[in-house]
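Single-structure report; data block below.
Atom set for the values below is all heavy atoms of this structure, side chains included, hydrogens, waters and symmetry mates excluded.
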Amino acid sequence: MAPALQLLHREDFETRTLRALVGGAAVGVLAALAARANLPLNPGFAVVAAALAGARPKPGTQALMWVGLPLLAALPYLFQADAPVPQALSGALAAAMVCWLGQGGERVGPPSQVAAGAVASGLLVPVGLYVQQVLEARFFPTGGLLGALVGHTAVALFWSVGTLASHVTVHGDAVESRGGTLEEQVSGEAKTLLVRTRELYRQCRTVALKMRPGAGRNELVGVLQKMTGEAFTLAETHAELEAQLSAVAPQDVQKQVEDLRTRAQATGDAVARRQLELAASSLGEELNRLNLLASKRERLLAQLHAQVALLERARVSLVGVAGSEAGAKGAQAAHLAQRLAALGQENPAPAGEESPASPTASVTRLRA
């Protein structure tokens, strides 16, 4: 299967870019004021300001970020290298700090993503400096505040775009990539089950790919992908229902229904009573719909538990087959694929259908 690119924490990147632009614009204003006093300001400072403005330090590392980032970014300027080498190295070091500890929240950037963001930012800073020179030469030959503002903001923009590399990850499997995307959308027990599903899928796929290549192994991998994809679909639907239910509190709707009914009984006007009763009836229908959604959410969670149990059973079966002498035979892989496909048929009905049996009964049957 072809590798799949996945963009992580897109909102954090967008927020950082906007803040970085503000930092670059602030340096542009300072550069314009410094130019009037015949004190040229190095455009590389726009990178440092963009990094400081865009960084959202992990709790407990604020002092390290605010002090360490400027000092680290200033080191390349001590070696007297020709431009744009110091600016590029400064941008790379600043990006490394931001991608490591300044992503926002409790997250810490993994080494591979930190390195990717640092390299990409370091390469794009010279491009930003070139764009600044072109803009100033073509549109703002006399300098001024607007020219400095636009030019330094452009440098900050290119630096921030480079940090996008720290948000991109490559998956060799599209199914696992989908699971990584869903982890940002779900929460609570569903997220725990989703993480477990991804772990089980990786384990099962690793064991399956150790078998002898052939139609049997391909069929087995396909069944594992189908089972995992169904679990992801359940988690995704559960997240959508969770978002709908979190937007409206059933207790508030129930209270409104009771208040309308009380007012309807207390009023002496027949028309007003009828209007209040209709309003209470309409809200009552909405409350019934919310209760149905809550029940559906519980069923989805139970079905997700059942699907994870299927993958657990698949993992045990795969380990047993891999440990036997027949583990490398294509016929053995094909037979296991058929067994797993048959197990998948025992799973509860899809989310949009009603199942005559309860989710608990389905789980019990799987474990029998």
Give the intermediate values and the outcome of side-chain contact (heavy atoms from CB on, under 4.5 Å) for residues His305 and Glu189. CA-CA 10 Å; His305 273 286; Glu189 188 176 359; 2.6 Å; yes
From [X] [atom1] over to [Y] [atom2], what is the distance, rounded to the nearest 0.5 angstrom?
| X | Y | atom1 | atom2 | value |
| --- | --- | --- | --- | --- |
| Leu164 | Glu14 | CG | CD | 10.0 Å |
| Glu136 | Leu146 | CD | CG | 10.5 Å |
| Thr237 | Arg299 | OG1 | CZ | 12.5 Å |
| Gln185 | Glu236 | CD | CD | 6.0 Å |
| Met211 | Leu209 | CE | CG | 9.5 Å |
| Gln113 | Arg107 | CD | CZ | 8.5 Å |

Shortest non-hydrogen contact between [X] and [Y], atoms and distance:
| X | Y | result |
| --- | --- | --- |
| Thr197 | Ala231 | CG2-CB, 3.8 Å |
| Leu149 | Ala25 | CD1-O, 3.3 Å |
| Pro126 | Pro84 | CB-CG, 3.8 Å |
| Ala96 | Ala118 | CB-CB, 4.0 Å |
| Ala120 | Gly162 | CB-O, 3.2 Å |

If two hydrophobic side chains count as joined below 4.5 Å and joins carry through other members, does [X] share a cluster with [Y]?
| X | Y | value |
| --- | --- | --- |
| Leu101 | Trp66 | yes |
| Tyr201 | Leu220 | yes |
| Val114 | Leu52 | yes |
| Val155 | Leu93 | yes |
| Val207 | Leu310 | yes |

side-chain hydrogen bond (donor to acceptor under 3.5 Å, both in side chains) partner of Thr233, chosen from His238, Gln303, Arg178: Arg178
Side-chain ([X]) to main-chain ([Y]) donor-acceptor, under 3.5 angstrom:
| X | Y | answer |
| --- | --- | --- |
| Arg205 | Val221 | no |
| Thr228 | Leu224 | yes |
| Glu298 | Lys296 | no |
| Ser121 | Thr163 | yes |
| Arg315 | Leu200 | no |
| Arg19 | Ala53 | yes |
| Trp159 | Val47 | no |
| Ser160 | Ala156 | no |

Test Leu193 against Leu301 for side-chain contact (heavy atoms from CB on, under 4.5 Å), laying out the working first. CA-CA 9 Å; Leu193 292 172; Leu301 193 60; 4.0 Å; yes
Side chains of Arg16 and Gln103 only: does a donor on one sit below 3.5 Å from an acceptor on the other? yes
Stepwise side-chain contact (heavy atoms from CB on, under 4.5 Å) check, Leu293 with Arg289: CA-CA 6 Å; Leu293 289 178; Arg289 190 184 73 86; 3.3 Å; yes
Those residues at least two apart in sequence (or on a different chain) that pass salt bridge (Lys or Arg N to Asp or Glu O under 4.0 Å) with Glu242 are Arg297
Which residues share a salt bridge (Lys or Arg N to Asp or Glu O under 4.0 Å) with Glu183, sequence neighbours left out: Arg198
Got [X] and [Y] here, is their nearest side-chain heavy-atom distance under 4.5 Å?
| X | Y | value |
| --- | --- | --- |
| Leu194 | Phe232 | yes |
| Tyr77 | Gln87 | yes |
| Asn288 | Leu292 | no |
| Pro43 | Leu129 | yes |

Show the numbers, then the answer: is there a side-chain contact (heavy atoms from CB on, under 4.5 Å) between Gln132 and His152? CA-CA 7 Å; Gln132 179 198 27; His152 287 79; 3.5 Å; yes
Between Glu199 and Arg196, is a salt bridge (Lys or Arg N to Asp or Glu O under 4.0 Å) present by the stated rule, with each step listed? CA-CA 5 Å; Glu199 181 182 353; Arg196 181 57 180 162; 3.3 Å; yes
